[in-house]
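Since we're looking at a predicted model, the values are computed, not measured. Order of the sequence lines sets the chain letters (A, B, ...), proteins ahead of strands, with each chain counted from 1.
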2 protein chains.
Amino acid sequence: MNSRSQPCCGVARFLTILDGPWATLIIRELLNGPLRFTELRKQLEGVSAHTLTHRLKRFEENGIVSRTAYAETPPRVVYELTEKGMELREVLNAMRVWGDSLESAEPEKTVSNSIESCPFSQK
Amino acid sequence: MNSRSQPCCGVARFLTILDGPWATLIIRELLNGPLRFTELRKQLEGVSAHTLTHRLKRFEENGIVSRTAYAETPPRVVYELTEKGMELREVLNAMRVWGDSLESAEPEKTVSNSIESCPFSQK
DNA sequence: ACCTAATAGTTCATTTTTTGAAGTAATGAT
DNA sequence: ATCATTACTTCAAAAAATGAACTATTAGGT
């Protein structure tokens with residue numbers, strides 16, 4: 001997309017870090033608490049290991065996710081949002097509010113308002 | 001990514017519509033008012049016509065942008081956010097707040113807090 | 001001792017996207 | 001008649017994502 005240096009616009013900065021498929025959904029999952037690599041894969045049906053690895057690496061480099069590896073066999077690696085990462089909750093909440101508001105317009109079917117409707121706690 | 005049907009999670013819905021490079025930045029530009037195709041291209045340095053066309057088509061299909069073509073020569077086509085599209089301002093604001101908050105951590109240089117720092121008005 | 005299972009990746013070939021450059025139709029101005 | 005302008009479309013090349021297979025390590029079962 002743009003160039004190498006950090007963009008000056010906050011929106012663009014956000015987009016630089018949370019770019020690409022699955023990025024934001026990974027954050028959504030981690031907002032519910034730390035997860036292992038495999039747990040993330042299971043919850044995000046369809047992510048390839050490759051993409052997941054890349055996203056997590058970028059998140060780590062940007063200080064929004066921490067990675068803790070336990071020297072066990074089989075290995076155990078736990079990913080967790082940092083404070084900076086936790087602050088993304090507000091952004092995801094805004095997305096959720098907007099996304100949920102679309103339902104009313106679609107006549108097809110009112111989406112179930114089950115507890116599962118959005119898989120991260122609002123506060 | 002996932003399947004064809006609308007995702008039940010608001011976050012995922014948002015991401016389905018605002019997916020891919022430039023998508024959110026296009027909205028950012030349109031939050032300042034209607035723009036022609038060429039004006040968008042000029043302001044988003046680096047978008048290809050191809051990508052811009054595709055994004056705008058998707059936005060139109062999802063009712064967040066309206067397209068008005070004037071039968072002139074050379075043609076004039078104006079893109080404008082619908083009410084639904086305007087409501088994205090809150091999401092972009094949340095992104096901007098988060099993105100701007102990153103500066104403090106980076107010791108390199110305090111980013112100029114010029115009027116241009118984020119190219120859409122906050123309210 | 002041997003075999004199996006499990007985790008967190010990596011590697012690689014295939015498919016999908018994005019890019020960048022070039023082309024197109026229409027017509028008012030020069 | 002030629003040129004310029006706009007909003008695209010088309011096409012080849014580059015970049016990214018996917019899906020499947022593979023790897024190192026070692027605890028546990030037989």
Side-chain angles (χ1 to χ4, degrees), chain A residues 1-4 7 12 14-30 33-62 65-81, chain B residues 1-5 7 12 15-30 33-62 65-81:
Chain A
M1 211 161 94
N2 264 345
S3 47
R4 44 221 82 273
F14 169 91
L15 294 170
T16 300
I17 299 177
L18 280 94
D19 183 42
W22 303 105
T24 303
L25 292 176
I26 293 167
I27 301 297
R28 184 189 71 184
E29 296 306 317
L30 291 177
L35 287 173
R36 301 176 58 168
F37 188 85
T38 311
E39 292 172 326
L40 271 169
R41 284 208 69 183
K42 234 170 286 176
Q43 301 196 23
L44 298 173
E45 203 185 0
V47 226
S48 67
H50 187 254
T51 301
L52 187 52
T53 301
H54 280 16
R55 296 289 176 270
L56 289 168
K57 193 171 295 177
R58 192 207 295 151
F59 291 165
E60 206 194 338
E61 286 167 1
N62 284 277
V65 161
S66 69
R67 177 183 184 276
T68 311
Y70 297 88
E72 305 169 358
T73 315
R76 181 161 58 101
V77 178
V78 176
Y79 292 94
E80 185 171 11
L81 290 178
Chain B
M1 211 161 96
N2 263 347
S3 45
R4 45 222 79 274
S5 64
L15 294 170
T16 300
I17 299 177
L18 280 95
D19 183 43
W22 303 106
T24 303
L25 292 175
I26 292 166
I27 301 298
R28 184 190 71 183
E29 295 307 316
L30 291 177
L35 288 173
R36 302 176 58 168
F37 188 85
T38 310
E39 291 171 327
L40 271 169
R41 283 208 69 182
K42 234 170 288 176
Q43 302 197 21
L44 298 172
E45 202 186 0
V47 227
S48 66
H50 187 253
T51 301
L52 187 51
T53 301
H54 280 16
R55 295 291 176 270
L56 289 168
K57 194 172 293 177
R58 193 207 296 152
F59 292 164
E60 206 192 339
E61 285 167 2
N62 284 278
V65 160
S66 69
R67 177 183 185 276
T68 311
Y70 298 90
E72 305 170 357
T73 317
R76 180 161 59 103
V77 179
V78 176
Y79 293 94
E80 186 171 10
L81 291 178

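- Note that CD1 of B:I17 is 10.5 Å distant from CD of B:E61, once rounded to the nearest 0.5 Å.
- Across all strands, B:H54 comes closer than 4.0 Å to no nucleic acid atom at all (heavy-atom distances).
- In this structure, the CG atom of A:L56 is 13 Å from the P atom of D:dA17, given to the nearest Å.
- Among the heavy atoms of the strands, none lies under 4.0 Å from A:Y70.
- At C:dT7, none of the side-chain N or O atoms of A:Y79 fall inside 4.0 Å of OP1 or OP2 (strictly under the cut-off).
- Residues forming a side chain to side chain donor-acceptor pair (under 3.5 Å) with B:E72 (at least two apart in sequence, or on another chain): B:R76.
- Rounded to an integer number of Å, the gap from A:L44 CG to D:dT18 P is 11 Å.
- Within the 4.0 angstrom heavy-atom criterion, base atoms lie near A:S48.
- In this structure, CZ of B:R76 is placed 16 Å from P of C:dT27, rounded to the nearest angstrom.
- Scanning for side chain to side chain donor-acceptor pair (under 3.5 Å) contacts around B:T51 gives B:S48, with sequence neighbours left out.
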Can you give the donor-acceptor pairs under 3.5 Å from side chains of residues 37-44 of chain B to other protein atoms, not counting sequence neighbours?
residue, atom, partner, partner atom, Å
B:E39, OE1, B:R36, N, 2.7
B:R41, NH2, B:V47, O, 3.2

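- The phosphate of C:dA8 has OP1 or OP2 within less than 4.0 Å of a side-chain N or O from A:T38.
- Nucleotide D:dT6 holds its C1' atom 15 Å from the CG atom of B:L35, rounded to whole Å.
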| note | Going 5' to 3' through nucleotides 21-30 of chain D and flagging B where a protein heavy-atom sits under 4.0 Å of the base, S where only the sugar-phosphate is that close, and - otherwise, we get ----BB----
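- Summarising the geometry, the separation between CZ on A:R55 and C1' on D:dT18 is reported as 12 Å, rounded to the nearest angstrom.
- With sequence neighbours left out, the side-chain contact (heavy atoms from CB on, under 4.5 Å) criterion links A:P34 to A:V78, A:E80.
- Where A:H50 and A:V77 meet DNA chain C, the nucleotide closest to each residue was compared, and A:V77 sits on the side nearer the 5' end.
- Here the side chain of A:R58 pairs no donor or acceptor atom with the backbone of A:A23 at under 3.5 angstrom.
- Atom NZ in A:K42 sits about 10 Å away from atom C1' in C:dT7, given to the nearest Å.
- Note: CG (B:L52) to C1' (C:dG20) measures 14 Å, nearest angstrom.
- For the residue pair A:R55 and A:P21, the shortest heavy atom distance occurs at NE-O, 2.9 Å.
- Between D:dT18, C:dA8, C:dT19, one nucleotide has an atom nearer to the side chain of B:W22 than all others, and that is C:dT19.
- For A:T51 and D:dT18, the shortest distance from a side-chain N or O to OP1 or OP2 is below 4.0 Å.
- Nucleotide C:dT24 holds its C1' atom 14 Å from the CZ atom of B:F37, rounded to whole Å.
- Nearest nucleotide to the side chain of A:R36, out of C:dT10, C:dT7, D:dC8: C:dT7.
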